[in-house]
Amino acid sequence: MTDLSEKGSGSETTKKSCADCQTSKTPLWRGGPAGPKSLCNACGIRYRKKRRALLGLKKEGSDEKKKERRSSNNKIGESLKLRLLAFGREVMLQRSAMESQRQLGEEEQAAVLLMALSCGSVYA
């Protein structure tokens, strides 16, 4: 092992360079076949694309999966929205039954109106 004080006093300075294109300036060092932070940003992106292509991890497939997830999320969102609307109606019916006993306060009226606006059952 070398002493750190000797390392700093030497006249030779090793500048980090890309293992592929030998550049020394890059906004981000990326991992490559030579280890972590051995490639410049551009070479690291190229290396990752080639590696994914060899492994069969194509980006187009992930786009299709994202579209499938979005459509299933929309289906879930629609069913959830319908259930929330039904629940809101139930709550409003219960509130209207209780309303004969007492009037809603100003804050409670604002909260009910805000909930109705947020789920789309009332339009401003």
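If you read the sequence from its start, that first residue is 1, and numbering goes on from there.
Considering all non-hydrogen atoms of both residues, Lys37 and Lys16 come closest at O-CE, 3.1 Å. Shortest non-hydrogen contact noted between Gly32 and Tyr47 is CA-CE2, 3.7 Å. Here the shortest heavy-atom pairing between Thr23 and Trp29 reads O-CH2, 3.7 Å. Residues Cys40 and Cys18 share a closest heavy-atom pair of N-SG, 3.4 Å. In this structure, Arg46 and Cys43 approach most closely via the heavy-atom pair NH2-SG, 3.1 Å.
The shortest distance between side-chain heavy atoms of Lys49 and Ile45 falls below 4.5 Å. Looking at heavy atoms from C-beta onward, Gln109 lies out of side-chain contact with Leu113 at the 4.5 angstrom threshold. Leu28 has its side chain within reach of Arg30: a pair of non-hydrogen atoms, C-beta onward, lies under 4.5 Å apart. Annotation: side chain of Leu39 is in contact with side chain of Pro33 (closest heavy-atom distance under 4.5 Å).
Atom CD of Glu107 has 12 or fewer heavy atoms from other residues, nucleotides or ligands within 6.0 Å.
Of the possible donor and acceptor atoms, one in the side chain of Thr26 sits under 3.5 Å from a partner among the backbone N and O of Asn41.
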